[in-house]
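To find a chain, count down the sequence lines: A is the first, B the second, and so on, and within it residues start at 1.
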Amino acid sequence: GAVVSQHPSRVICKSGTSVKIECRSLDFQATTMFWYRQFPKQSLMLMATSNEGSKATYEQGVEKDKFLINHASLTLSTLTVTSAHPEDSSFYICSAPRGVPPEAFFGQGTRLTVV
Amino acid sequence: AQTVTQSQPEMSVQEAETVTLSCTYDTSESDYYLFWYKQPPSRQMILVIRQEAYKQQNATENRFSVNFQKAAKSFSLKISDSQLGDAAMYFCASRNSGNTPLVFGKGTRLSVIA
């Protein structure tokens with residue numbers, strides 16, 4: 001089946017630094033990828049839609065300058081958390097749709113801790 | 001806007017018994033899809049079952065089945081012969097047609113008692 005690989009799985013960074021999270025579709029091309037954020041014991045909330053060849057679409061309340069999304073190719077989308085602060089600590093997970101009708105394939109997620 | 005509501009934060013079931021997780025949703029679309037996802041402690045999202053809204057027949061995947069009541073906008077998940085490995089967080093989700101994102105409910109934490 002289709003595989004989506006997300007890297008890194010865990011990252012600890014210092015406050016004020018930037019962190020890049022990669023989401024790759026390993027055996028299919030994805031013109032669209034989705035980035036979600038999950039706080040502890042809560043649900044997944046859509047942050048943004050990553051579009052290959054165009055700007056990402058951000059959900060209301062998500063700062064586009066803090067969460068930079070780049071869909072560099074048909075198999076790679078990156079989320080960069082800029083000038084990270086402790087409140088950015090969370091679980092970030094990407095998904096890519098494949099097939100008709102599309103089925104969502106999820107990455108393994110990234111646990112970000114900002115200290 | 002789509003909304004998905006799960007009113008049971010926690011549920012428990014005895015091993016080998018049956019449990020039903022509730023979900024209601026709201027959408028203005030006529031073409032949409034409904035899903036149940038399992039999230040174990042690893043936090044990897046695992047698709048349990050999906051239902052196309054245009055299909056009247058309830059989806060079934062081995063021990064997992066749904067009760068899809070379109071008029072009532074209800075989509076419950078029944079787990080039969082519960083196993084210890086079924087213990088996890090379960091999320092109900094919906095999606096419109098096309099390459100659209102999933103909208104998730106708040107989740108139900110299922111415990112399985114040996």
Decide if atom CE of A:Met45 counts as having more than 12 heavy atoms of other residues, nucleotides or ligands within a radius under 6.0 Å. no
Is chain A contacted by the side chain of B:Phe91, its backbone, both, or neither, given a heavy-atom distance below 4.5 Å? side chain
Grouping I, L, V, M, F, W and Y whenever their side-chain heavy atoms are under 4.5 Å apart, do B:Val13 and B:Val48 come out in a common cluster? yes
Highest number of heavy-atom pairs under 4.5 Å with chain B among A:Pro97, A:Pro101, A:Ala104 belongs to A:Pro101
Should A:Phe91 and B:Met45 be counted in the same cluster of Ile, Leu, Val, Met, Phe, Trp and Tyr side chains packed under 4.5 Å apart? yes
Common cluster, A:Val114/A:Val62, ILVMFWY with side-chain heavy-atom separation under 4.5 Å: yes
Exceeds 12 heavy-atom contacts within 6.0 angstrom, atom NZ of B:Lys73: yes
I'd like to know if B:Phe35 and A:Ile93 are part of one continuous hydrophobic network [Ile/Leu/Val/Met/Phe/Trp/Tyr, side-chain heavy atoms within less than 4.5 Å]. yes
Identify which part of A:Leu46 has an atom lying under 4.5 Å from any heavy atom of chain B, answering side chain, backbone, both or neither. side chain
Okay, B:Ile46 and chain A: the region with an atom under 4.5 Å from a heavy atom over there is neither
Which donor-acceptor pairs sit under 3.5 Å apart between chain B and chain A?
| residue | atom | partner | partner atom | Å |
| --- | --- | --- | --- | --- |
| B:Gln39 | OE1 | A:Gln38 | NE2 | 2.9 |
| B:Gln39 | NE2 | A:Gln38 | OE1 | 2.9 |
| B:Arg43 | NH2 | A:Gln38 | OE1 | 3.3 |
| B:Gln44 | NE2 | A:Phe106 | O | 3.3 |
| B:Arg95 | NH2 | A:Pro102 | O | 2.6 |
| B:Leu102 | N | A:Tyr36 | OH | 2.9 |
| B:Gly105 | O | A:Ser43 | OG | 2.5 |

State plainly whether one hydrophobic cluster holds both A:Phe34 and B:Leu102, where clusters connect Ile, Leu, Val, Met, Phe, Trp and Tyr through side-chain heavy atoms under 4.5 angstrom apart. yes
